Asks: 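Pasting a structure below so you can have a look.
This one's a predicted model, so the numbers in the text were calculated from it and none came from an experiment. As a basis for the values below, the full set of heavy atoms in this structure was taken, side chains included, without hydrogen atoms, waters or symmetry mates.
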Amino acid sequence: MIDHIGIHPSSMETSRRFYGAALKALAIVEVMEVRPEETGGYHGIGYGAGSKPFFWLSSDSRSARQDVSGSAGLHIAFAAESRTAVDAFYAAAIAQGGRDNGPPGLRPHYHPAYYAAFVLDPDGVNVEAVCHKPD
């Protein structure tokens with residue numbers, strides 16, 4: 001089981017706007033921020049569906065690795081409670097500069113009720129919202 005996952009965006013503020021809007025449609029919101037002045041360099045923004053963050057945007061001014069070339073090929077899927085939430089995620093992500101990578105719809109090649117949408121975030125990460133419930 002994964003406790004949490006994090007990515008290093010090229011722009012914290014651009015990604016904060018993108019994920020803030022897109023994940024809100026899935027009832028996932030910003031629950032914590034750790035600022036560089038508190039940590040000596042690390043900046044983290046944590047998102048969760050309660051008080052515990054499980055998805056992080058992070059940067060570390062102490063780290064030499066600030067490029068995002070490793071984001072190509074990365075795929076993150078978030079669970080959605082309904083097909084309507086998948087649709088709302090897609091609309092919000094596109095409105096915040098996300099690029100279409102598969103509009104909302106059924107993907108029966110996975111299973112008959114697999115309803116998902118895919119967008120590329122500002123750094124090219126393939127972000128999915130998926131509902132496994134039948135309509």
Side-chain angles (χ1 to χ4, degrees):
M1 176 180 281
I2 296 172
D3 182 74
H4 63 275
I5 189 169
I7 62 172
H8 296 278
S10 60
S11 167
M12 288 289 280
E13 288 309 311
T14 298
S15 290
R16 178 183 233 164
R17 287 189 300 276
F18 175 84
Y19 283 103
L23 296 180
K24 183 177 180 182
L26 305 176
I28 299 170
V29 297
E30 186 177 316
V31 296
M32 177 183 280
E33 180 172 9
V34 181
R35 298 188 174 276
E37 55 271 15
E38 297 172 309
T39 65
Y42 172 81
H43 184 199
I45 301 168
Y47 295 84
S51 62
K52 184 196 180 300
F54 59 82
F55 176 69
W56 286 88
L57 303 176
S58 62
S59 68
D60 187 342
S61 62
R62 298 169 299 175
S63 173
R65 186 183 172 340
Q66 291 295 317
D67 67 74
V68 292
S69 59
S71 66
L74 183 61
H75 176 96
I76 302 169
F78 292 95
E81 287 297 316
S82 68
R83 293 178 180 189
T84 301
V86 171
D87 296 344
F89 158 85
Y90 180 82
I94 295 297
Q96 285 296 317
R99 292 174 287 145
D100 171 61
N101 199 31
L106 286 170
R107 293 348 192 249
H109 49 281
Y110 294 123
H111 67 71
Y114 197 106
Y115 187 88
F118 301 82
V119 296
L120 299 176
D121 83 353
D123 291 310
V125 173
N126 183 19
V127 185
E128 173 186 1
V130 59
C131 178
H132 295 281
K133 299 175 183 176
D135 191 21

Asks: Could you measure the distance from the CH2 atom of Trp56 to the NE2 atom of His43? Nearest 0.5 Å is fine.
Replies: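 Nearest 0.5 Å value for the CH2-NE2 distance: 9.5 Å.
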
Asks: Among the clusters formed by ILVMFWY side chains lying less than 4.5 Å apart, do Phe18 and Ile5 turn up in the same one?
Replies: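 Yes; Ile5 is reachable from Phe18 via cluster members.
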
Asks: Should Glu128 and Arg107 count as an ion pair when the cut-off is N to O under 4.0 Å?
Replies: no

Asks: Students often mix this up, so state it plainly: with edges at 30° and 60°, are the rings of Tyr114 and His111 parallel, tilted or perpendicular?
Replies: perpendicular

Asks: Does Leu57 form a side chain to side chain contact (heavy atoms under 4.5 Å, CB included) with Ile7? I'd like the steps, not just the answer.
Replies: CA-CA 5 Å; Leu57 303 176; Ile7 62 172; 3.8 Å; yes

Asks: Give me the atom names and distance for the closest heavy-atom approach of Ala85 to Ala80.
Replies: CB-CB, 4.2 Å

Asks: Stepwise, does the side chain to side chain contact (heavy atoms under 4.5 Å, CB included) test hold for Ile28 with Phe54?
Replies: CA-CA 10 Å; Ile28 299 170; Phe54 59 82; 3.9 Å; yes

Asks: If you link I, L, V, M, F, W and Y whenever their side-chain heavy atoms are under 4.5 Å apart, who else ends up in the same group as Phe118?
Replies: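 Phe118 clusters with nothing; isolated.
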
Asks: Do you know which two heavy atoms are closest between Lys24 and Gly20, and how far apart they sit?
Replies: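 Shortest heavy-atom contact: CB-O, 3.2 Å.
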
Asks: Please say yes or no: joined through hydrophobic side-chain contacts below 4.5 Å, possibly via intermediate residues, are Val86 and Tyr110 part of one cluster?
Replies: no

Asks: Per the ring pair (Phe, Tyr, Trp, His ring centres under 6.0 Å) rule, which among Tyr47, Phe55, Phe89 passes with Phe78?
Replies: Phe55

Asks: Going hydrophobic residue to hydrophobic residue with side-chain gaps under 4.5 angstrom, can you get from Tyr115 over to Ile94?
Replies: no

Asks: For residues 78-105, which residue pairs pass the salt bridge (Lys or Arg N to Asp or Glu O under 4.0 Å) check, not counting sequence neighbours?
Replies: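 Found Glu81-Lys133.
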
Asks: Kindly give the heavy-atom pair with the smallest separation between Ala92 and Ala21, and that separation in Å.
Replies: CB-O, 3.4 Å

Asks: Are Val119 and Leu74 connected in the hydrophobic side-chain network, where two residues link if heavy atoms are under 4.5 Å apart?
Replies: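 Linked within one cluster.
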
Asks: Under 3.5 Å, is there a donor-acceptor pair between the side chain of His8 and the main chain of Ser58?
Replies: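 Yes; judged by distance alone, with no hydrogens or angles, the pair exists.
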
Asks: In terms of hydrophobic clusters joined by side-chain contacts under 4.5 Å, are Ile76 and Val130 together?
Replies: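 Different clusters: Ile76 never reaches Val130 through Ile, Leu, Val, Met, Phe, Trp or Tyr contacts under 4.5 Å.
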
Asks: Any donor and acceptor pair, going by atom type alone, linking the side chain of Asp123 with main-chain N or O of Ser10 inside 3.5 Å?
Replies: yes

Asks: On a heavy-atom basis, which atom in Val31 and which in Ser51 lie closest, and how many Å separate them?
Replies: CG2-O, 3.9 Å

Asks: Would you compute the distance between atom NZ of Lys52 and atom NE2 of His4 and round it to the nearest 0.5 angstrom?
Replies: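 Those atoms lie 6.5 Å apart.
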
